[in-house]
Participant: 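Below is the structure I would like to discuss, written out as structure tokens.
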Amino acid sequence: LTKLDQSQFGRCCLLGFLNLIGIRWLSSSVRRGGLLYIRNAALFVAADRLLAVLRFYSMLFMVLPLGRLAVITVMNRGVDRRNRRRMEAADQLTERRSSSSLLSLES
């Protein structure tokens, strides 16, 4: 489902988290009293709309990898459960074969 190794996935999540924090910080900076306060009303509206789009993007950038991680985790649990059942069934078959071959040798 994913070609990223654990390190790459961790960096992706870190980047998303930093992106989210940066957009929040930038949004608060352009408001009244902020470090980058924009006095021009038209420019402020344009910046506010752009920041809203970037805020949505940063949330999406975080939600998609984390949602994908949840799906992969659930699917892997199912695979592990299925593999465990297969191994148990294979062990039972092996035990039956070995016990039936011992019985046929004793006869």
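Since this is a predicted model, take the numbers as computed values, not measurements.
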Participant: When you look at CZ of Phe56, are more than 12 heavy atoms from neighbouring residues, nucleotides or ligands closer to it than 6.0 Å?
Facilitator: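 No.
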Participant: Return the CZ to CD distance between Arg85 and Glu88, rounded to the nearest 0.5 Å.
Facilitator: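 CD of Glu88 is found 9.0 Å from CZ of Arg85.
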Participant: Considering non-hydrogen atoms only, spot the tightest contact between Ile23 and Leu51 and give its length.
Facilitator: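 Distance-wise, the nearest heavy atoms are CG2-O, 4.1 Å.
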Participant: Tell me whether Leu66 shares a hydrophobic cluster with Leu60, the cluster being built from Ile, Leu, Val, Met, Phe, Trp, Tyr side chains joined at under 4.5 Å.
Facilitator: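 Different hydrophobic clusters.
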Participant: To the nearest 0.5 angstrom, please state how far the CZ atom of Arg86 sits from the CG atom of Asn83.
Facilitator: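 Spacing of CZ (Arg86) from CG (Asn83) equals 6.0 Å.
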Participant: Would you say Leu26 and Leu43 are hydrophobically clustered, going by side-chain heavy atoms of ILVMFWY under 4.5 Å?
Facilitator: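 Result: yes, single cluster for both.
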Participant: What closest approach, in Å, do Val30 and Phe44 show between heavy atoms, and which atom pair accounts for it?
Facilitator: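 Heavy-atom minimum between the residues: O-CE1, 3.5 Å.
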Participant: Do Ser27 and Arg31 have a side chain donor and acceptor closer than 3.5 Å?
Facilitator: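 Per modelled atom types, Ser27 and Arg31 side chains form no pair under 3.5 Å.
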Participant: Closest heavy-atom contact between Phe9 and Leu69?
Facilitator: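 Distance-wise, the nearest heavy atoms are CZ-CB, 3.7 Å.
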Participant: Enter the distance from Phe61:CZ to Cys13:SG here, rounded to the nearest 0.5 Å.
Facilitator: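 Atom-to-atom, Phe61:CZ and Cys13:SG are 8.5 Å apart.
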Participant: When rounded to the nearest 0.5 angstrom, what is the spacing between CZ in Arg77 and CZ in Arg81?
Facilitator: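 Spacing of CZ (Arg77) from CZ (Arg81) equals 8.5 Å.
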Participant: Does any non-hydrogen side-chain atom of Arg11 lie less than 4.5 Å from one of Ser7?
Facilitator: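 Side-chain contact under 4.5 Å: yes.
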Participant: Flag yes if Met59 and Leu15 sit in one hydrophobic cluster, no otherwise; membership is Ile, Leu, Val, Met, Phe, Trp, Tyr, and two members link when side-chain heavy atoms are under 4.5 Å apart.
Facilitator: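 They do not share one cluster, since no chain of ILVMFWY contacts under 4.5 Å joins Met59 to Leu15.
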Participant: Kindly work out whether a path of hydrophobic side-chain contacts (I/L/V/M/F/W/Y, heavy atoms less than 4.5 Å apart) joins Ile38 to Leu36.
Facilitator: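 Ile38 clusters together with Leu36.
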Participant: Go through the steps for Arg82 and Val79 under the test side chain to side chain contact (heavy atoms under 4.5 Å, CB included), then give the verdict.
Facilitator: CA-CA 5 Å; Arg82 186 177 67 232; Val79 168; 3.8 Å; yes
Participant: Which heavy-atom pair separates Met62 from Leu20 by the least distance, and what is that distance?
Facilitator: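 For Met62 and Leu20, the tightest heavy-atom pair comes out as CG-CD2, 4.3 Å.
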